[in-house]
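Below, chain A is the first sequence line, B the second, and so on; all start at residue 1.
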2 protein chains.
Amino acid sequence: MEQTAPNSRDKILEVAEALFARRGFAGVGLRQVADQAGLGKSSLFHHFRSKAQLYLAVLDRVLVGIDERLAGAAETGGAPMQRLDRMVDTLIDALAEQPATARLLLRSLFEEDDLPAEAGSAQEATDRITQRILARIDTLLREGMKEGVFRPVSVGHTIQTLIGATVYHFASGEFGELLLGRSLLSSEEVRQRKEEVKALIHHGLAASSAS
Amino acid sequence: MEQTAPNSRDKILEVAEALFARRGFAGVGLRQVADQAGLGKSSLFHHFRSKAQLYLAVLDRVLVGIDERLAGAAETGGAPMQRLDRMVDTLIDALAEQPATARLLLRSLFEEDDLPAEAGSAQEATDRITQRILARIDTLLREGMKEGVFRPVSVGHTIQTLIGATVYHFASGEFGELLLGRSLLSSEEVRQRKEEVKALIHHGLAASSAS
DNA sequence: GTCTATACTACGATAGAC
DNA sequence: GTCTATCGTAGTATAGAC
């Protein structure tokens, strides 16, 4: 649709995203990235200073995408429970549409410590976006508790549970499919994941048994 | 306590577990393992045929440990909700006591596909233990639903949520600590994690509002 | 059971021609 | 902006002495 003709930089980011999601930072060779992007290995270094910078550029791109979609979901207003429902739907849609995203995000939690230390400023950029995303949920949860529609919970622990219920789920790959008996990404299972998560919220987070 | 004097094989497994948990399969070099185990690189191949076999041996060891602890928790009987509470407590205790475990388990979901294909029979062993662990929760959830103490839910999705709430949480490392504002492994946060997860279950999974 | 030595491959990164 | 060629390092794994 809005695809014109990706320049080399975008093409590299695209194939690197898929590879990093599947194999992790250490598991991907730049040779592989270059081949799939249709370039020589050395050409990568014209666009990105190092493997670590490429990885962080990929991660940044994904985080920005998630943040934009969540921003759209939050802006429409409504009661806290409605907004939380919309955030869950939006996040799950995003994760289901781009299967690499969930794995990349979850892996990023483990792999930030084996990046070369020099990565510096690019690290800070991804950290800032992460903080922005977390702040959206944090604010929403506190508002809901203040209004008395959510029961009193630890905000941090609740965010962790929500991430587990969404990002982990769609990152679980073959294991999750074994558990559900079919593809995590089938429209039926995506729909059901939304229902199950929202039902858990409505029963488990609501102060009264509102639905 | 029951530590006598670990033979080389156990020492290798021990240091490899920590390294694989931290860096992942591709991120660990056998040189590193050998150094930390106090051996030459080549000596590893006397105990394990290949890096993949070593990895699978580490994973198997961890899965067996989890399975044994969950078996202990399940055997004591009681109502489904009580048993589920005990399983959550037991699992969280296990993950908190051995910080490498959660990361290793979560990583194993992503990394099984970049193991050399030859690994064959050892793969099946870890799969069997995984199935046994899952069957414990599966049976318990179905029993609770049959008795009417759990509301009707998708068993697969619920297991995914429980894994996310426990394994993911303790695998989240620095990110989780940023979110909670203190170490995931402090006794206070471990205690609170148990409370939050069990509260979510009691409010969100129970058919009535039993506690 | 552990060692040294070695084979072969791949890695990330750089230099410099075009 | 992409290429070929190359550097230095580290990877897994094997052979064979002790």
Let me check something: any side-chain donor-acceptor pairs from residues 167-176 of chain A under 3.5 Å, sequence neighbours excluded? List them with distances.
unit_1: Tyr168(A); atom_1: OH; unit_2: Gln160(B); atom_2: OE1; d: 2.8
unit_1: His169(A); atom_1: ND1; unit_2: Gln160(B); atom_2: NE2; d: 3.2
unit_1: Ser172(A); atom_1: OG; unit_2: His169(A); atom_2: O; d: 2.7
unit_1: Ser172(A); atom_1: OG; unit_2: Gln160(B); atom_2: NE2; d: 2.8

Notebook entry, point to check: Taking atom types as modelled, is there a side-chain donor on Glu189(A) or His157(B) under 3.5 Å from an acceptor on the other?
Noted result: yes
Next item on the list: Return the value, rounded to whole Å, for the distance between atom CZ of Arg31(A) and atom P of dA5(D).
Entry: 13 Å
Note to self: What is the separation between atom CZ on Phe45(A) and atom C1' on dA13(C), rounded to the nearest whole Å?
What the structure shows: 5 Å
Next item on the list: Would you tell me if any nitrogen or oxygen in the side chain of Ser8(A) comes within less than 4.0 Å of OP1 or OP2 on dT2(D)?
Entry: yes
Next item on the list: Using atom NZ of Lys11(B) as one end and atom C1' of dT2(C) as the other, report the distance to the nearest whole Å.
Entry: 17 Å
Next item on the list: Could you check how far CG of Asn7(A) sits from P of dT2(D), rounded to whole Å?
Entry: 9 Å
Item checked: Interatomic distance, Phe48(A) CZ vs dT2(D) P [rounded to whole Å] -> 11 Å
Check: Mind checking whether Val33(B) and Phe48(B) have side chains closer than 4.5 Å, heavy atoms only?
Finding: no
Next item on the list: Select base, sugar-phosphate, or nothing to describe what Val28(B) touches, counting heavy atoms under 4.0 Å on all strands.
Entry: sugar-phosphate
Next item on the list: Look at the rings of Phe25(A) and Phe20(A) and say which category their plane angle falls in: under 30° parallel, 30 to 60° tilted, over 60° perpendicular.
Entry: parallel
Margin query: Return whichever of Gln32(A) or Arg49(A) has its heavy-atom-nearest nucleotide of DNA chain C closer to the 5' end.
Written below: Gln32(A)
Check: Could Arg191(B) and Glu188(B) be called an ion pair, given the rule that one side-chain N must be under 4.0 Å from one carboxylate O?
Finding: yes
Notebook entry, point to check: For Lys51(B) and dA10(C), what is the distance between atoms NZ and C1' respectively, to the nearest whole Å?
Noted result: 12 Å
Margin query: In this structure, how many angstroms lie between the C1' atom of dA17(C) and the NE2 atom of His46(A), rounded?
Written below: 16 Å
Please tabulate, one pair per line, each protein N/O and nucleotide N/O from nucleotides 3-5 of chain C that are separated by under 3.5 Å, including the distance.
unit_1: dC3(C); atom_1: OP2; unit_2: Gly40(B); atom_2: N; d: 2.4
unit_1: dC3(C); atom_1: OP2; unit_2: Ser43(B); atom_2: OG; d: 2.9
unit_1: dT4(C); atom_1: O4; unit_2: Ser42(B); atom_2: OG; d: 2.9
unit_1: dA5(C); atom_1: N6; unit_2: Ser42(B); atom_2: OG; d: 2.9

Notebook entry, point to check: Rounded to the nearest Å, what distance is computed from the CD atom of residue Gln53(B) to the C1' atom of nucleotide dT12(D)?
Noted result: 14 Å
Check: Does the side chain of Glu111(A) reach to within under 4.5 Å of the side chain of Arg107(B), using non-hydrogen atoms?
Finding: yes
Check: Does a sphere of radius 6.0 Å around CZ in Arg182(B) hold more than 12 heavy atoms from other residues, nucleotides or ligands, not counting ones at 6.0 Å or beyond?
Finding: yes
